[in-house]
Amino acid sequence: MLIATWNINGVKARLDNLINWLEQHSPDILCLQEIKSVDEAFPRAPIEALGYHVETHGQKGFNGVALLSKSAPISLVRGLDGEESDEQARYIEGLWQDGARALRVASIYLPNGNPVGTEKFDYKLRWMARLEKRAKQLLADEGDVVLAGDYNVIPEPIDAKRPDAWLGDALFQPESRTAWRRLVNLGYTDAVRAATDAAETFTFWDYQAGAWQKNNGIRIDHMLLSPEAASRLTGVGIDKDVRSWEKPSDHVPVLIQIG
DNA sequence: ATGGTCGTTACACGA
């Protein structure tokens with residue numbers, strides 16, 4: 001079972017790249033973030049033509065998440081509980097039957113939170129607390145859970161080429177990193193970090209200032225696995241090559257194989 | 001070095 005996550009930064013602008021990538025890797029489930037599309041405008045047809053089911057949770061202009069899957073989910077959850085007034089589309093969760101097992105996969109687009117010291121940063125921290133609550137609930141089922149997406153958190157200094165440059169940024173604030181650790185410490189495994197301690201294991205390179213050419217990247221796209229999913233983990237990868245494609249997203253796909 | 005580059009949208013904004 002191949003599961004992947006990719007912040008695609010605009011699904012309409014990235015449709016050719018998405019189709020090419022699906023044809024190359026043929027994942028069982030792909031979590032997308034920043035589709036920047038309302039549900040009605042999502043380019044379903046060419047994706048369905050490849051044999052995928054398409055479930056979206058979009059909004060106009062910004063944010064938006066989706067789940068593409070070869071088999072149809074049994075059930076879906078759109079949005080995170082805990083804040084009635086929150087209208088930002090950042091969470092979609094599906095449940096699949098994988099042989100004898102149930103598999104739950106969420107596509108997460110965690111708030112960026114910049115600038116620090118504003119309502120945007122408070123919203124990020126509130127959203128992380130809401131995610132922690134949901135993540136805890138999901139562990140109670142003792143099933144396979146994969147929480148995948150753009151967390152907008154740099155967990156540790158090793159996860160940035162230039163950690164000093166991120167000290168004032170919401171992605172690397174002590175509060176953001178603490179909230180990340182709280183999530184992991186519930187009992188989740190950071191799949192990429194479990195697979196490698198290597199430096200310069202990045203998933204995002206800014207469009208600006210030649211960040212890609214300088215490998216000035218950060219690791220902010222993560223896949224958190226429940227103990228049951230982690231015990232089945234047989235492979236982890238970051239498809240760095242995609243960043244060198246024409247008209248790339250600023251993020252690249254992260255993949256896991258579970259047996 | 002307070003710039004730089006994208007996507008979506010509508011004449012900025014979020015990242």
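Numbered from 1 within each chain, the chains take letters A, B, ... in sequence-line order.
Comparing the C1' positions of B:dA1 and B:dA12 gives a spacing of 25 Å, expressed to the nearest Å. Distance check on atom C1': B:dA15 versus B:dG3 gives 16 Å, rounded to whole Å. B:dT5 and B:dC11 have their P atoms separated by 24 Å, given to the nearest Å. B:dG14 and B:dT9 have their C1' atoms separated by 12 Å, given to the nearest Å.
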Could you give the side-chain donor-acceptor pairs of residues 73-80 of chain A under 3.5 Å, partners two or more places apart or in another chain?
residue	atom	partner	partner atom	Å
A:R78	NE	A:T56	O	2.8
A:R78	NH2	A:E55	OE1	2.9
A:R78	NH2	A:T56	O	3.3

Under 3.5 Å donor-acceptor pairs involving side-chain atoms of residues 22-30 of chain A, not counting sequence neighbours:
residue	atom	partner	partner atom	Å
A:H25	NE2	A:W21	NE1	3.3
A:H25	NE2	A:D239	OD2	2.9
A:S26	OG	A:K70	NZ	2.8
A:D28	OD2	A:L2	N	2.7

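Toward the 5' end of DNA chain B, the nearer of the two residues A:G61 and A:E34, judged by each one's closest nucleotide, is A:G61.
The salt bridge (charged side-chain N to carboxylate O under 4.0 Å, His left out) analysis of residues 59-68 of chain A, with sequence neighbours excluded, yields no pairs.
Of the residues in residues 6-22 of chain A, those placing a heavy atom less than 4.0 Å from an atom of DNA chain B are A:N9, A:G10, A:K12, A:A13, A:R14, in numerical order. Remark: A:Y109, A:N112 in residues 106-113 of chain A come within less than 4.0 Å of DNA chain B through at least one heavy atom.
With respect to A:E200 and A:K240, no salt bridge is recorded, no charged nitrogen being found less than 4.0 Å from a carboxylate O.
Under a 4.5 Å side-chain heavy-atom cut-off, the cluster of Ile, Leu, Val, Met, Phe, Trp and Tyr residues that includes A:V116 is completed by A:F121, A:L125. In the hydrophobic clustering, A:I158 connects to no other residue, as no ILVMFWY side-chain heavy atoms lie under 4.5 Å from its own.
Residues A:W205 and A:N215 bring a donor and an acceptor atom of their side chains to less than 3.5 Å of each other.
Residues forming a side-chain hydrogen bond (donor to acceptor under 3.5 Å, both in side chains) with A:T201 (at least two apart in sequence, or on another chain): none. In terms of the side chain to side chain contact (heavy atoms under 4.5 Å, CB included) criterion, residue partners of A:P115 (sequence neighbours excluded) are, by chain and number, A:T118, A:K120. Taking A:T203 as the reference, A:D221 meet the side-chain hydrogen bond (donor to acceptor under 3.5 Å, both in side chains) condition, with sequence neighbours excluded. For A:E175, the side-chain hydrogen bond (donor to acceptor under 3.5 Å, both in side chains) test picks out no residue, with sequence neighbours left out.
Here the range on DNA chain B touched by chain A, meaning any atom under 4.0 Å from one of its heavy atoms, is B:dG4 to B:dA15.
A:R90 comes within 4.0 angstrom of sugar-phosphate atoms only, judged by non-hydrogen atoms across all strands, and of no base.
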